[in-house]
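First comes the structure, then the notes that go with it.
Chain A is the first sequence line, chain B the second, and so forth, proteins listed ahead of strands; every chain is numbered from 1.
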2 protein chains.
Amino acid sequence: MKISELAKQSSVPAPTIKYYIREGLLPEGTRTAPTQAEYDESHMRRLRVIRALIESGVSIAETRRMVETLDDPPAQPHLLLGAAHAAVTPPVDETLDLTAAARLAAGLGWEPEKCDDAVLCGVARALQGLEKAGFSVPDEVMPVYLESIRRIADAEIAGVPTDSVESAVSYVVLGSVLAEPLLLALRRVAQQVSSAERFSGPAS
Amino acid sequence: MKISELAKQSSVPAPTIKYYIREGLLPEGTRTAPTQAEYDESHMRRLRVIRALIESGVSIAETRRMVETLDDPPAQPHLLLGAAHAAVTPPVDETLDLTAAARLAAGLGWEPEKCDDAVLCGVARALQGLEKAGFSVPDEVMPVYLESIRRIADAEIAGVPTDSVESAVSYVVLGSVLAEPLLLALRRVAQQVSSAERFSGPAS
């Protein structure tokens with residue numbers, strides 16, 4: 001199909017599609033004339049992935065690294081997860097103090113060789129953000145965070161499909177980021193439900 | 001203190017502080033001369049909160065609504081949570097189909113009167129994002145999401161401090177947003193730990 005048809009079917013304007021091509025997110029179509037290229041279903045699928053990532057708040061540069069991982073995934077599932085995380089995690093910041101993050105992560109079963117430093121830096125950065133705002137997670141809440149998040153991660157890793165490399169890659173790479181807005185949205189619903197039950201008594 | 005001193009102590013440049021004042025995020029200091037104003041500890045504390053929210057990805061408009069809620073909180077704890085969520089949740093989108101979101105939320109104990117529609121729209125939007133990308137949460141993972149997220153929310157709501165209105169307000173308003181980066185960062189660590197254990201066997 002022509003770019004105009006791809007734009008129509010995907011609801012992504014043609015200039016935006018051209019921008020994605022220039023940014024290296026979407027491969028060029030097959031040239032059929034100096035000013036014309038032919039696109040197919042693979043472009044349509046990729047375009048859907050790009051839009052979903054960008055709408056989840058992933059930057060253009062991170063999206064580029066995510067689709068590069070989709071196109072050229074490491075063979076081992078564990079490296080694949082690391083590559084997906086690396087695509088959306090800022091690099092290691094040597095100035096960050098990782099002590100508190102490491103102590104917290106130990107509650108998740110963390111040991112240095114089981115996890116990239118960049119991902120641990122993410123925890124340190126989040127803790128720093130809380131501290132700066134003068135906010136602290138209560139002592140009785142943190143263990144529940146650790147236990148519940150570990151259960152979520154275990155279920156997710158157990159759910160990595162084994163039927164094909166392609167489906168495993170898509171699940172790990174996209175799931176690592178795209179499930180985030182869902183988890184946060186579910187948390188808000190659960191907080192309101194829990195709050196309604198605590199502060200107004202259970203519905204009769 | 002003068003704005004230059006506030007800038008120094010907070011590490012926020014004076015022009016940025018002035019921008020926050022113009023945007024209604026930070027109250028003006030007390031005028032001591034036509035071109036001079038005096039700032040105090042309350043400005044310092046508020047500045048830390050503003051920075052933490054903005055660094056968590058909260059927009060200027062959302063931050064303004066958050067600090068308005070901090071300054072003029074509803075008296076009932078349940079309304080307070082609703083106000084904090086409303087500050088950072090896009091308004092209800094009438095065109096969204098809420099059927100799948102409501103079915104999912106029912107697994108969290110959701111009933112229509114226990115939760116704002118805007119928050120439920122957040123779930124619908126997240127589901128739509130997954131669907132557009134051709135990604136689906138496996139059937140065996142979703143119940144773990146619901147159960148774990150509900151446990152997290154229950155612990156958070158049980159943790160609302162009761163010693164003072166001010167601490168309850170700060171906990172609910174800031175916690176609803178500022179804990180998000182921590183939960184997501186912990187999830188990445190937990191995924192890598194779980195993946196290392198599944199795909200390389202437990203460390204000896």
Item to check | Structural part of B:Asp116 lying under 4.5 Å from a heavy atom of chain A | outcome: both
Checklist entry - If you measure from OG on A:Ser136 to CG on B:Leu174, what distance do you get to the nearest 0.5 Å? => result 11.0 Å
Item to check | Evaluation steps, salt bridge (Lys or Arg N to Asp or Glu O under 4.0 Å), between A:Glu55 and B:Lys132 | outcome: CA-CA 11 Å; A:Glu55 282 170 21; B:Lys132 274 192 203 154; 3.4 Å; yes
Checklist entry - Would you call A:Arg198-B:Glu156 a salt bridge at under 4.0 Å N-O? => result no
Checklist outcome for this item: Turns out that what part of B:Arg51 lies under 4.5 Å from chain A's heavy atoms comes down to neither
Checklist entry - Checking heavy atoms, do the side chain of B:Ile50, its backbone, both or neither come under 4.5 Å from chain A? => result neither
Item to check | Distance in Å, B:Arg150 CZ paired with A:Ser194 OG, rounded so as to fall on 0.5 Å steps | outcome: 5.0 Å
Checklist entry - Which distance, rounded to the nearest 0.5 Å, do you find between the CD of A:Gln192 and the CD1 of B:Ile157? => result 9.0 Å
Checklist entry - Relative to chain A, which segment of B:Val173 carries a heavy atom at a distance below 4.5 Å: side chain, backbone, both, or neither? => result neither
Item to check | Per-residue contact mode, B:Met44 against chain A (heavy atom under 4.5 angstrom) | outcome: neither
Next on the checklist: Quick check: closest heavy atoms across B:Lys114 and A:Ala196, and the distance to 0.1 Å?
Outcome noted: CG-CB, 3.9 Å
Checklist entry - To the nearest 0.5 Å, what is the distance between CZ (A:Phe199) and CG (B:Leu79)? => result 11.0 Å
Checklist entry - Which bit of B:Val119 is near chain A, if near means a heavy-atom gap under 4.5 Å: side chain, backbone, both or neither? => result both
Item to check | Nearest heavy-atom neighbours spanning B:Tyr171 and A:Val141 | outcome: OH-CG2, 4.0 Å
Item to check | CG-CG distance between A:Leu120 and B:Leu186, expressed to the nearest 0.5 angstrom | outcome: 10.0 Å
Next on the checklist: Working note: B:Ile152 + A:Ile149, criterion side-chain contact (heavy atoms from CB on, under 4.5 Å); need CA distance, chi angles, decisive distance, verdict.
Outcome noted: CA-CA 9 Å; B:Ile152 285 174; A:Ile149 290 291; 4.2 Å; yes
Checklist entry - With a 4.0 Å cut-off, would you call A:Glu131 and B:Arg48 a salt bridge? => result no
Next on the checklist: Tell me if a side-chain donor or acceptor on A:Glu140 pairs with a main-chain N or O of B:Gly159 at a distance below 3.5 Å.
Outcome noted: no
Next on the checklist: Using the rule side chain to side chain contact (heavy atoms under 4.5 Å, CB included), only one of B:Arg151, B:Arg187, B:Glu147 pairs with A:Ser148; which is it?
Outcome noted: B:Arg151
Checklist entry - Side chain, backbone, both or neither: which part of B:Leu104 has a heavy atom under 4.5 Å from chain A? => result side chain
Checklist entry - Pick from A:Asp154, A:Val172, A:Leu81: which one makes a side chain to side chain contact (heavy atoms under 4.5 Å, CB included) with B:Gln191? => result A:Leu81
Next on the checklist: To the closest 0.5 Å, what do you measure between CZ (B:Arg188) and CG (A:Leu108)?
Outcome noted: 14.0 Å
